[in-house]
Amino acid sequence: MKYRLLAKAQSIKSGIIMQIISMLLFAYLLISISCKRPLVPPYDLVISNVTVIDGSGSPAKQHMYVGIRNGIIHKLDTLKIDQRENNIDASGKYLIPGLFDAHAHANSYKEDFKKFIHFGVTSIFMPGGSKASNSYYEAMRSLAKQDSLPAPRVYHTSQHFTMEGRHPVKTYPGGKWIEGETVYYLRDTLQIERIVKKVSHDPIKGIKLTIEDGPSPPFVSRMPQEFVNKVASEAELYGLAVFAHVSDNDELRMALKAGISNIIHFTGVDFDFDKEEQLVDSIIKADISWVTTLMLDKSFIYPLYPNWIQEVEALNVYSNDTAALKDSIKIAEAQEYLNIAANFYQLKTPGFEGIVKPQVYIIKRMYDLGVNMVIGTDTGNTFIFPGYSVHEEMQMMELGGMKPLDIIRMGTLNAAKMLQVADSLGTIEPGKVADMILLDKDPSETIKNTLSIQMVIKNGQVQRRISD
């Protein structure tokens, strides 16, 4: 009996072994057959032999191959990708991340979006505005999520938190300011609790808080410090950032005192590093993000420089805009602003460079000290053009002495950090979304070369530009 059982067990064991061998042989045959079939291209898009400027501020990497699948960068290497289909030969060309405009107001977003994409601005941040109702925001986001029509990614704040009779309603009285829809007027701290709770349910990046007393005469009282503090503390309860609108050193101090870490205007702030050590230390310790918006200054004096308008017209993108602007040019007002700015910066000879360089000096010092300086334009104001003015803003940074690679970082990675999307955007590296610009000229030689755009890629797909 014992021997019979052993024999039976041995027979079962042999059968199992034969089944395993048969399965292995079958798997081998399948692999052999599949290897003889034509290979499916592993990437949806390949950019070959390109010089990559990744947005981190690091030196350029030459002869790189970029493999994109499902909108994500899967490969970035010097090893050649052997794929014939959907392969762009980028020999002699340069690849940078898609740009951000970190302070933009899209007043006619369907038209503005095409212009942003045309100039490689693949993401925008909209901090409120007179049209910024929830329904307007939703329409913008919906258009941004599809790929059939050119549109940048859209991030935005809540509606403006301000007070009656103050900026921006005072400054732009013709806007569609509707309390509870496009603006919130703060009257007491209990009301602040209710409003912050309300907006916390919206898909926002944070709260837009207008502290300032201007920005132009007649000046009004600033928002009380206790209101600023309350907005910041309530926002923290819901995990919301606060984006503060300031226009001078005192308002900057108020924001820092409240623990606010995002300042969305630089224009109007001016200080001596030797005399303002405490302020500088406060800025560094607060680990803030600070948006530049020097285009505001340039926009005010645009009428004094006809060649600027000619350069915009030559782009063949803003024909309707420039035609309307020519009818509204006010030379006297522009000259008055230039004189005020010259007095503010104590310039002996008023001029564009004179009002740019002192500001960029501070911006550069802040950047070198580790402050997260970010490119933004305040698009939506007269003579600030969607898309193109991001390049103007970057050119002002270079005019003031900043290096192109640092400027590109300000317009890409630093913006992504401020908006807390640096895990997916802002640099060219494996695992990140493929938002990129292919350039004909080297932007590390001069930032003006960011305008030599051959192709804009968003979400791994080549975008249709206005001239295409």
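S261 OG to D287 CG: the interatomic distance, rounded to the nearest 0.5 Å, is 7.5 Å. Separating the CG atom in N262 from the CD1 atom in I288 is a distance of 8.5 Å, to the nearest 0.5 Å.
Other residues, nucleotides and ligands contribute only 12 or fewer heavy atoms inside 6.0 Å of the CD atom of E336. The environment of CD in Q420 is sparse: at most 12 heavy-atom neighbours from other residues, nucleotides or ligands sit within 6.0 Å. The number of heavy-atom neighbours closer than 6.0 Å to CD of Q146, taken from other residues, nucleotides and ligands shown, is above 12. Residue-environment remark: CD (E311) exceeds the threshold of 12 foreign heavy atoms within 6.0 Å.
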What verdict does the side chain to side chain donor-acceptor pair (under 3.5 Å) test give for S389 and E392, after you've listed the backbone C-alpha separation in whole Å, the side-chain angles of each residue and the deciding distance to 0.1 Å?
CA-CA 5 Å; S389 286; E392 290 185 280; 2.7 Å; yes
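Applying the salt bridge (Lys or Arg N to Asp or Glu O under 4.0 Å) rule to K230 yields the partners E193, E234; only residues at least two apart in sequence or on another chain are considered. For S135, the side chain to side chain donor-acceptor pair (under 3.5 Å) test picks out S133, with sequence neighbours left out. The salt bridge (Lys or Arg N to Asp or Glu O under 4.0 Å) search around D297 returns none, not counting sequence neighbours. Not counting sequence neighbours, the partners of F161 by the ring-ring contact (aromatic ring centres under 6.0 Å, His included) test are Y184. Legend: residues meeting side chain to side chain donor-acceptor pair (under 3.5 Å) with T379, ordered by chain and number and at least two apart, are D101, T377. Every residue two or more places apart in sequence or in another chain was checked for a ring-ring contact (aromatic ring centres under 6.0 Å, His included) with F227, and none qualifies. Residues passing the side-chain contact (heavy atoms from CB on, under 4.5 Å) test with S142 are E138, sequence neighbours excluded. Not counting sequence neighbours, the partners of A434 by the side-chain contact (heavy atoms from CB on, under 4.5 Å) test are I68, I73, M436. Residues satisfying the side chain to side chain donor-acceptor pair (under 3.5 Å) test with Y172, not counting sequence neighbours, are N381.
Annotation: side chain of I124 is not in contact with side chain of F100 (no heavy-atom distance under 4.5 Å). Counting heavy atoms from C-beta outward, I437 and L99 have side chains that approach closer than 4.5 Å. Using a 4.5 Å heavy-atom threshold, the side chains of V374 and F125 count as separate.
Residue pairs meeting the side chain to side chain donor-acceptor pair (under 3.5 Å) criterion with at least one partner in residues 393-403, sequence neighbours excluded, are T292-E393, E398-T446. The salt bridge (charged side-chain N to carboxylate O under 4.0 Å, His left out) analysis of residues 239-255, with sequence neighbours excluded, yields the pairs R222-D248, R222-D250, R222-E251, D250-R253, R253-E276.
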Could you list the donor-acceptor pairs under 3.5 angstrom formed between side-chain atoms of residues 362-373 and any protein atom two or more places apart in sequence or on another chain?
from, atom 1, to, atom 2, distance (Å)
K364, NZ, D368, OD2, 3.0
R365, NH1, Y361, OH, 2.8
Y367, OH, D406, OD1, 3.1
N372, OD1, N414, ND2, 3.4
N372, ND2, S289, OG, 3.0
N372, ND2, N414, O, 3.0

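A donor-acceptor pair is defined here as one N or O able to donate and one able to accept, closer than 3.5 Å; no such pair exists between the side chain of H391 and the backbone of K448. No donor-acceptor pair closer than 3.5 Å links the side chain of Y43 to the backbone N or O of V66. Without hydrogens or angle criteria, E277 side chain to F273 main chain gives no donor-acceptor distance under 3.5 Å. Side-chain N or O atoms of R187 include none that pairs as donor or acceptor with a backbone N or O of M163 at under 3.5 Å.
Aromatic ring centroids of F383 and F300 lie 6.0 Å or more apart. Separation of the H160 and W177 ring centroids falls under the 6.0 Å cut-off.
Side chain to side chain, T51 and K61 fail the donor-acceptor criterion of an N or O pair below 3.5 Å. Counted by atom type alone, N134 and Q159 present one or more donor-acceptor pairs between their side chains at under 3.5 Å. Under 3.5 Å, the side chains of S108 and E111 contain no donor-acceptor pair of N or O atoms. Side-chain atoms of H103 and T293 form no donor-acceptor pair, as typed in the model, at a separation below 3.5 Å.
Across all non-hydrogen atoms, the minimal contact from P303 to S299 is CD-O, 4.2 Å.
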